[in-house]
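Structure first, commentary second.
For ligands, and for the atoms within them, numbers begin at 1 and follow the listed sequence. Basis for what follows: all heavy atoms, side chains included, without hydrogens, waters or symmetry-related copies.
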Amino acid sequence: MKGYLVNTKYEVVIGLEVHVQLTTATKIFCGCSTRFGNAPNSQTCPVCLGLPGALPVLNREVVEMAIRTGLATNCAIAPRSIFARKNYFYPDLPKGYQISQFELPVCEHGHLNIETEQGEKRIGITRIHMEEDAGKLLHSDLGEGSLVDLNRACTPLLEVVSEPDMRSADEAISYLKKLHQIVVYLGVCDGNLEEGSFRCDANVSIRPWGQKEFGTRAELKNINSFRFIKQAIEYEVERQAEVIEDGGKVVQETRLFDANTGLTRSMRGKEEAHDYRYFPDPDQVPLVISPEWIERVRQDLPELPEAKFERFVREYGIPRYDAEVLTADQAMAGYFDACVKLHGDGKTCSNWVMGEVQRRLNDEGISIVASPVSPELLVGMLKRIDDNTISGKIAKTVFDEMWKSGKTADTIIEEQGLKQVTDTGAIESIIDEIIAANPGQVEEYRGGKEKVFGFFVGQVMKASKGKASPAAVNELLKVKLQ
Ligand code: ADP
Ligand code: MG
Ligand code: ZN
């Protein structure tokens, strides 16, 4: 079935469950390190190994991060919340249950705003709860069985559950990117999708336009990039439409996305769905969060992407597009912010940061924090453009040299003699020579062929090795060519 047919007959409904791995130094219920990549089982203790008699103790930092995330996503923070046991058997889960939250999660009733073609749209956040991660199974290629690494067991996660408010794959991606940006800004998550620090399950259903009830949903798992999530949703929507068009019924099931084929396939149906037999964990006291604690966390929140975006547009007067690009990355936004504070003009700074600076970063595959040109160096150079010491063209040469050597613009201009020639006498004599050497072109110009003017500008700039002030050249040429 073709996509356009899906969209005219059926409305798409999407709700997302996102697992956010927190950046705490230690695990959620024990003091073991959360560091990634160390030798298997080197970061374990009786608690995260699930040994009998070991008692888990909640990591305060995890609660702090949950409150931060809740506040940043407009949630209400529960004054009292409960940890529950989610029971299931799998070899990567030594206790036979996962400590999670069920009936009373730490955050509820939040929302995020996303940009859509129809304008701003609010996506509801049902709940955010804290839980521990499971370990990892390593399957032998030789058929010798599987090994278990419990370093990841007990690593803290937040699960962020959205309302089924999204109506297209694009809206789902906008929401995910927004949430991703927020948790990274907050410093609660490193945001690495490939390493699994930010994992998304997508619940997808369709219904005929105008129908009130939701259709039956499939839950798509195992998707580790924004691009794949979009692909998986789009494929799944088509699949469901085909099932219905063929007279069948969509069944509720969990499906796996295969990045190699771009298809989703059934993993388990509703009948095989787990019955987790949740009950309050008797090892944990109810978590009580005081209003003072919440207030303290609120005071401590950084400026979030949306507020930064608005400030850049309002105070610095840059286009919305520029503000969007610059706030996508917190460090980039900080760099730009520092530039404007030193220089004063937003648009001049955004042009250079999004232009030359970004280009060099891309070329070398490094991030802004590693830029050899600091805001001070960049603005030092911009000021030499402003006061006509150098032209915009020469500035690119100076910038490249700053990037290589880390020297200030003033030093480079001095050392390489790049100072712009504004002395009209010197420019005039160059112009006289060029005019004398090109009588044919002079005639053409005087005969009305104005395009030739550019030729003269080029010749004069070349003769001055790019150092003549372009403004002065233009002005003087007009007079001399009359
Ligand atoms: P479960 O615990 O089985 O995953 P939930 O009711 O908690 O089920 O829902 C999980 C997610 O599925 C939520 O993000 C919710 O918005 C979404 N969802 C629920 N019903 C639908 C539906 N019919 N279509 C799409 N998404 C749905
Ligand atoms: Mg689910
Ligand atoms: Zn441990």
Side-chain angles (χ1 to χ4, degrees), residues 10-19 24-35 38 41-51 54-59 62 73 84 86 88 94-95 98-103 105 108-112 123-129 131-135 149-156 159-169 171-172 175-176 179 199-208 211-221 229 232-233 236-237 240 244 249-255 267-270 272-276 278:
Y10 300 101
E11 185 180 28
V12 177
V13 174
I14 303 162
L16 300 172
E17 296 164 274
V18 177
H19 284 95
T24 54
T26 57
K27 296 183 178 181
I28 180 169
F29 296 117
C30 64
C32 293
S33 166
T34 52
R35 265 199 47 203
N38 284 353
N41 298 308
S42 61
Q43 290 156 200
T44 54
C45 73
V47 173
C48 53
L49 292 174
L51 300 186
L55 280 176
V57 178
L58 180 60
N59 181 344
V62 174
T73 53
K86 180 177 179 178
Y88 66 95
K95 294 193 294 292
Q98 176 192 27
I99 307 177
S100 181
Q101 295 193 298
F102 189 54
E103 271 163 12
E108 279 185 294
H109 313 304
H111 67 264
L112 286 183
I123 306 297
I125 290 177
T126 318
R127 53 185 277 146
I128 301 178
H129 66 252
E131 62 186 24
E132 58 179 341
D133 207 345
D149 175 9
L150 293 174
N151 281 352
R152 203 184 58 185
C154 225
T155 293
E159 181 172 339
V160 183
V161 183
S162 87
E163 291 289 308
D165 285 347
M166 286 148 279
R167 294 291 174 268
S168 68
E171 287 188 12
Y175 166 84
L176 280 174
L179 180 61
R199 320 198 276 265
C200 169
D201 297 340
N203 295 273
V204 180
S205 65
I206 59 172
R207 62 180 170 188
Q211 178 181 304
K212 252 192 122 175
E213 301 76 39
F214 288 140
T216 305
R217 73 187 146 116
E219 185 174 355
L220 311 179
K221 283 199 179 288
I229 292 165
I233 292 173
E236 180 60 19
V237 166
Q240 291 184 12
I244 297 172
K249 270 198 171 134
V250 174
V251 293
Q252 191 176 332
E253 62 182 353
T254 302
R255 299 179 68 86
M267 181 171 106
R268 59 169 180 259
K270 196 182 181 184
E272 301 150 76
H274 294 293
D275 172 8
Y276 294 119
Y278 280 100

For atom 23 (N) of ligand 1, which candidate among Ala202, Gly124, Gly15, Gly215 provides the closest heavy atom? Gly215
Under 3.5 Å between some N or O of ligand 1 and some N or O of Pro164? yes
Counting heavy atoms under 4.0 Å, the part of Val161 that contacts ligand 1 is side chain
Under 4.0 Å from a heavy atom of Glu163: give me the atoms of ligand 1 that qualify, with their elements. 16 (O)
Distance alone, cut at 3.5 Å: any donor-acceptor contact between the side chains of His19 and Glu17? no
Salt bridge (charged side-chain N to carboxylate O under 4.0 Å, His left out) partners of Glu132, counting only residues at least two apart: Lys95
Kindly write out the residues that satisfy salt bridge (charged side-chain N to carboxylate O under 4.0 Å, His left out) with Arg167, not counting sequence neighbours, or none if the list is empty. Glu11
Partners meeting salt bridge (charged side-chain N to carboxylate O under 4.0 Å, His left out) with Glu171 (sequence neighbours left out): Lys121
Within ligand 1, which atoms have a heavy atom of Phe214 less than 4.0 Å away? 23 (N)
Quick one: which of Glu219, Arg217, Glu17 has a heavy atom closest to atom 8 (O) of ligand 1? Arg217
Total protein N, O or S atoms, the Zn ion (ligand 3), separation less than 2.8 Å: 4
Drop me the distance from Gln98's CD to Glu131's CD, to the nearest 0.5 angstrom. 4.5 Å
Give me the one residue out of Thr155, Asp149, Asn38 that meets side-chain hydrogen bond (donor to acceptor under 3.5 Å, both in side chains) with Gln43. Asn38
Should you measure from each heavy atom of Ser162, which atoms of ligand 1 turn up under 4.0 Å away? 13 (C), 14 (O), 15 (C), 16 (O)
Does either side chain, that of Thr44 or that of Asn151, offer a donor lying less than 3.5 Å from an acceptor on the other one? no
What verdict does the salt bridge (Lys or Arg N to Asp or Glu O under 4.0 Å) test give for Glu219 and Arg255, after you've listed the backbone C-alpha separation in whole Å, the side-chain angles of each residue and the deciding distance to 0.1 Å? CA-CA 6 Å; Glu219 185 174 355; Arg255 299 179 68 86; over 6 Å; no
Got a second to check how far Ile99's CD1 is from Phe29's CZ, nearest 0.5 Å? 4.0 Å
In ligand 1, which numbered atoms sit nearer than 4.0 Å to a non-hydrogen atom of Leu16? 14 (O)
Which bit of Thr126 gets closer than 4.0 Å to ligand 1, counting heavy atoms only: side chain, backbone, both or neither? neither
Any chance you could measure Glu163, atom CD, to Leu16, atom CG, to the nearest 0.5 Å? 12.0 Å
Is any N or O atom of Thr216, backbone or side chain, closer than 3.5 Å to an N or O atom of ligand 1? no
Has Lys86 got its NZ or CZ under 6.0 Å from the middle of the six-membered ring of Tyr278, at an angle within 45 degrees of the ring axis? no
Where the closest heavy atom to atom 26 (N) of ligand 1 is concerned, which of Val18, Ile123, Asn203 has it? Asn203
